[in-house]
Amino acid sequence: MSIAKTYTPADVEAKWYQRWQEQGFFKAKANPRKQPYSVVIPPPNVTGVLHMGHMLNNTIQDVLVRRARMQGKEACWVPGTDHASIATEAKVVALLKEQGIEKKDLTREQFLEHAFAWKEKYGGIILEQLKQLGASCDWDRTRFTMEPELTQAVLRVFVDLHQKGLIYRGVRMVNWDPLGQTALSDEEVIPKDVMAKMYYLRYAVVASSLRPQAASQNESLELAADSLWLTVATSRPETIMADVAVAVNPNDARYTHLHGATVRIPLLGREIPVILDEYVSIDFGTGALKVTPAHDLNDYELGVKHNLPVIDILNNDGTLNDKAVLYVGQERFAARRSIVKDLEEAGHLVKVEEYASIVQTSERTKAVIEPRLSMQWFLKMEHMAKPALEVVENDTIKLHPAKFKNTYRVWMENVRDWCISRQLWWGQQIPAFYLPDGTYVVALSAEEALELAREQSGNAGLQLTDLRQDEDVLDTWFSSWLWPISVFDGFKDPDNADINYFYPTNDLVTGPDILFFWVARMIMAGLEYRKEVPFRNVYLTGIVRDAQGRKMSKQLGNSPDPLDLIKQFGADGVRTGMLFSAPAGNDLLYDEKLVEQGRNFSNKLWNAFRLTQGWEVDASLSFVNEKAVEWFSARLQATITELDEHFEKFRISDALMTVYKLVWDDFCSFYLEMVKPAYLAPIDAETLRHTTGFLETLLKLLHPFMPFITEEIWHELAERGPKEYVCVAAWPKAKPAAGAADLVARMSKALDIVAGVRVIRNQKGLGPNKPLTLAAKTDDASLLTDYDAVIRKLAALTEISVVDAAPAASVGFVSGGVEFFVPLEGQIDLGAEKERLEKEIDYARGFRDSVLKKLSNEKFVANAKPDVLERERQKLADAEAKITALEQGLTAL
RNA sequence: GGGAGAUUAGCUCAGCUGGUUCAGAGCAUCUGCCUUACAAGCAGAGGGUCACUGGUUCGAACCCAGUAUCUCCCACCA
């Protein structure tokens, strides 16, 4: 036999991937005769490398796409990458820094040149890696969110939404990332639990500001007015230089004497008023709140309400600016340490408390977010959110698992306007152009802008050089949200054949972490621009964690390199390994054992194939395996039905497990063992024909999960024409046959008898092949007659006979209500056998009694459905028959 | 602080509209096997008061209420 004993994936994977591509199997085009099936890839970062999350996500997509392709649909999986503005820009900045180049020394054009060079060099690596996984994308359709055409789409949408009055510009409190030096949307901000310090600072009350009676009251307490203090609690002492007031609750009796007073900022000495607002909690901290409108959203709102000035003491990079007066140039956290020390020395620090708090951090750079007032562009969300919520509520779009519907609803009902401008260069520059008079126009190009500007200003003499384009770029998600439309050129050419055919796409596979970032917004864009949802099903994967449940991270070093894994276990092994334990929405606890299991499964399949290849046909032999064939055929049909149901419900893991068991247990452990001829003995032609047919069907069912090995065996199994690949073979259709369930049930009874004999072999320490005989005490020997050959072969029996009484010196077991005996001359332990029988009788009686109890319950008999009742009666009869049989066996001993 | 979901074998999970002695799978564990397809294997076995407490019902892992624990989402208490 020349076939290798173990399957070696490395030899075959690259070969088949190349052939599939040569054959053009992954290419899709609008074909009215076929049903469309389309999926758009969640575009990975253009400079990213494959990690375990991608592996899971793309394996699932590939399974869905390959199955659809086999079902005869026009399967279109669109790949591509995302320009990931903030992440990529950060990388490029870091890279330039290594080369001694600072971003601030470059012009926008120079920087973009560097960035594009980097993108050319590293961009798309991840797509090459996906090919090794077997991803069957239509690579001719590869898109990039920042390519010219998609940029056009983004600009069109911006202009359109602006015209519709949905985009506006304004000064708002935004999330500022001092490391990325850009504003972020609310969704890009991650709250983190930390232990923080609460500083209690005392502000001197300005004596002259106190009302006379208040002052005298305090004098009565023998306190000089200028020794009066007001203590506030703050977590950010470095912002006191930006204080513009201290607020107390008007109903707070402790501070009535301070109404209308002013206090002095420690160290700085600037006077600020004490203001009254019910917003302040009396029971939190000291009940006095320092108001810093520039650096806190609530304070900002308080400031607006009370008409207070705004003092912004921070630079873009988080260092203190001139307005701070003190600590100018220090980084905010360094400034905090300095000021705490100084406050303490000056006697202003009353106490410091540790407390559990939350800091907002940047999703991309991890920097602590600074709430900051700035001029930004926003998209109104309300009118888009409503229909987008509706389509999920009414299941036009189904989320898998459905529990995410709740999360989705809450978000959509509370959605706030989307901050879409970013202070970066890598991205689509906002198409807003400022006129010398400070007003602006929005247009697709500078030329159009000029026209509009002349019109708007009434100044026909305006030149291009008079216009200044907004420096900001758009949030990356402002391009990703158009992805399902833009990849089919639905903006450039809204009525083209591709978009009409492939849109709406069918399934979207992504992580729940970007349900709002991306999924919700794609739904909005789809409804706004196509009046139709972008996809029907959203499959939300879990996060890949390590076996201890920790997130995969570089620091922990617990993230395996996917390509190494593929090398080691084969792409098929890795794919199945990931899917073994990945129910939708649940985190996947990655363990190398899973991938090993996947690899072992490949090998199992390989060896099943190897076995059949070794068989010589003898045409003169008659067909002796009818029972095995009809049984496996029935099992196969039932499994296909089950498999389709799992796919319907997006239960990919269950689907895999179903085929896994079909192959390993039913096909290998039972079917092949039933039909396999003795060593070197030939097989009959009919059995071989059926077996090969079964194997082919199994290969088809397995192909979406294990594309490479199935293709390899598919071709080894038979001579195939140039277009005959399992990759495009027809997905098996379940053909329910009459009596199939009965066939399966009867075989299962026969196999139970086999197991009974095997148990005895185990218990008595008899080898698997020691010839034995079996005697059955039964009135109905039809099962034994029909399955005589099967039972004898699998249990290694020379003979099965029917007897009236237990043979002497035999060990028994009960299967299907019938007692069986294996005669074992001189190897019987009478006592043990008796004990075993008594135990069985006890159990059977207990069972009978429980059924009897149920049946003697009048209310049960009166209320239970007839079929339930009938089943119970049957159980009673069976139990009684069994007890009788066992009792007779006992007396015989 | 608000909301949602979860809690079933050592681990990861099934268990559909309540009805085969209070239950299944894969992995892991244990026992015995190198039986010429596969030791990346074969044949067996053990293992669960279905989180807890009540309730509804002839009957509850499943329905209801409460409790506990966990997870996720949302949230401006300095």
Side-chain angles (χ1 to χ4, degrees), chain A residues 1 3 5-7 173 191 198 232-236 247 279-281 283-286 288-292 296-301 357-358 360 371 401 403-411 414 512 515-516 547 569 573 580-583 585-589 591 593-594 596-597 599-614 645 649 651 653-654 657-658 660-661 668-669 672-673 676 679-680 754-755 758-759 761-763 765-769 796 843-844 846-851 853-854 857-865 867-869 871-872 874-875 878-879:
Chain A
M1 195 178 299
I3 304 166
K5 203 168 167 182
T6 50
Y7 170 64
M173 199 53 116
M198 181 73 85
V232 303
T234 180
S235 57
R236 304 200 56 191
Y279 163 76
V280 181
S281 306
D283 52 8
F284 189 88
T286 63
L289 165 71
K290 70 188 217 47
V291 181
T292 320
D296 185 280
L297 180 60
N298 302 305
D299 291 14
Y300 175 69
E301 280 162 8
S357 178
I358 290 164
Q360 306 291 337
K403 67 176 178 183
F404 285 106
K405 247 172 117 166
N406 290 321
T407 319
Y408 183 84
R409 183 187 320 114
V410 170
W411 194 77
N414 298 291
L515 186 56
F516 308 127
F569 299 100
F580 274 131
S581 164
N586 275 30
D587 287 354
L588 179 144
L589 300 189
D591 193 325
K593 277 182 183 151
L594 289 170
E596 248 173 63
Q597 194 187 342
R599 190 260 328 249
N600 295 353
F601 184 40
S602 302
N603 202 45
K604 186 72 185 176
L605 182 66
W606 181 253
N607 276 289
F609 154 69
R610 208 172 136 240
L611 174 66
T612 64
Q613 285 309 97
E645 279 168 14
K649 294 176 183 157
R651 299 170 139 185
S653 291
D654 292 334
M657 190 48 72
T658 301
Y660 178 83
K661 285 193 282 192
C668 294
S669 295
L672 288 179
E673 292 298 331
K676 145 175 142 184
Y679 181 56
L680 292 181
V754 171
R758 284 172 172 172
V759 168
R761 283 185 186 278
N762 251 312
Q763 282 171 351
L766 310 166
N769 290 325
Y843 182 84
F847 179 64
R848 180 198 57 194
D849 291 349
S850 80
V851 180
K853 198 174 140 203
K854 210 184 263 188
N857 181 341
E858 280 172 34
K859 287 181 174 170
F860 172 72
V861 178
N863 292 322
K865 281 180 235 153
D867 59 313
V868 173
L869 206 56
R871 210 158 34 190
E872 292 298 317
Q874 186 58 48
K875 265 158 63 181
D878 289 351

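All chains are named by letter (A, B, ...) in the order of the sequence lines, taking the proteins before the strands, and each is independently numbered beginning at 1.
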**Student:** Taking the minimum atom-to-atom distance to the side chain of Asn603(A), which one of G44(B), C42(B), A40(B) wins?
**Tutor:** A40(B)
**Student:** Give a yes or no on whether a donor-acceptor pair under 3.5 Å exists between the nucleobase atoms of C27(B), that is its base, and the side chain of Lys593(A).
**Tutor:**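 Such a pair does not exist between side chain and base.
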**Student:** Enumerate all atom pairs, one protein N or O and one N or O from nucleotides 13-18 of chain B, separated by less than 3.5 Å.
**Tutor:**
unit_1	atom_1	unit_2	atom_2	d
C13(B)	OP1	Asn586(A)	ND2	3.2
G15(B)	OP1	Arg651(A)	NH2	2.5

**Student:** Taking atom C1' of A37(B) as reference, at what distance in whole Å does atom CD of Gln613(A) sit?
**Tutor:**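 My rounded result for the distance is 11 Å.
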**Student:** Angle class for the Trp411(A)/Phe516(A) ring planes (parallel below 30°, perpendicular above 60°, tilted otherwise)?
**Tutor:**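 Rings of Trp411(A) and Phe516(A): parallel, under 30°.
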**Student:** Hey, does Arg599(A) reach any base, or is it just sugar-phosphate, or nothing, if we go heavy atoms under 4.0 Å?
**Tutor:** base
**Student:** Can you tell me the Watson-Crick or wobble partner of G66(B), both distances under 3.5 angstrom?
**Tutor:** C52(B)
**Student:** Would you say Lys403(A) reaches A6(B)'s phosphate, i.e. side-chain N/O to OP1/OP2 under 4.0 Å?
**Tutor:**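 Looking at the OP1 and OP2 atoms of A6(B), neither is under 4.0 Å from any side-chain N or O of Lys403(A).
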**Student:** Using atom P in both nucleotides, what's the gap between C74(B) and C11(B) to the nearest angstrom?
**Tutor:**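 That atom pair is separated by 30 Å.
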**Student:** I'd like the C1' distance from U20(B) over to A39(B), given in whole Å.
**Tutor:** 39 Å
**Student:** Does Arg761(A) reach the main-chain N or O of Gly767(A) with its side chain, forming a donor-acceptor pair under 3.5 Å?
**Tutor:**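 Such a contact is found between Arg761(A) side chain and Gly767(A) backbone.
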**Student:** Side-chain N or O of Asn600(A) versus OP1/OP2 of G41(B): is the shortest distance under 4.0 Å?
**Tutor:** yes
**Student:** What's the verdict on salt bridge (charged side-chain N to carboxylate O under 4.0 Å, His left out) for Glu673(A) and Lys676(A), showing C-alpha distance, side-chain angles and the deciding distance?
**Tutor:** CA-CA 5 Å; Glu673(A) 292 298 331; Lys676(A) 145 175 142 184; 3.4 Å; yes
**Student:** Check whether the side chain of Glu673(A) and the base of A43(B) form a donor-acceptor pair under 3.5 Å.
**Tutor:**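 No, no donor-acceptor pair under 3.5 Å.
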**Student:** Give me, pair by pair, the N or O atoms of the protein and of nucleotides 22-26 of chain B that are less than 3.5 Å apart, along with how far apart they are.
**Tutor:**
unit_1	atom_1	unit_2	atom_2	d
A25(B)	O2'	Lys661(A)	NZ	3.0
G26(B)	O2'	Gln597(A)	NE2	3.0

**Student:** Between the protein and nucleotides 76-78 of chain B, list the N/O to N/O atom pairs that are separated by less than 3.5 angstrom.
**Tutor:**
unit_1	atom_1	unit_2	atom_2	d
C76(B)	O2'	Asn298(A)	ND2	2.5
C76(B)	N1	Asn298(A)	OD1	2.9
C76(B)	O2	Asn298(A)	OD1	2.3
C76(B)	O2	Asn298(A)	ND2	3.4
C77(B)	O2	Ser281(A)	OG	2.6
A78(B)	O2'	Ala233(A)	O	3.4
A78(B)	N6	Ser281(A)	O	2.9
A78(B)	N6	Phe284(A)	O	2.9
A78(B)	N1	Ser281(A)	N	3.3

**Student:** Hey, what do you get for OG (Ser653(A)) to CG (Leu588(A)), rounding to the nearest 0.5 Å?
**Tutor:** 8.0 Å
**Student:** Indicate, with a heavy-atom threshold strictly under 4.0 Å, whether Lys604(A) touches base, sugar-phosphate, or nothing.
**Tutor:**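 Here Lys604(A) touches the bases of the nucleic acid.
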**Student:** Checking Asn414(A) side chain against Val410(A) main chain: does a donor-acceptor pair fall under 3.5 Å?
**Tutor:**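 Answer holds: yes.
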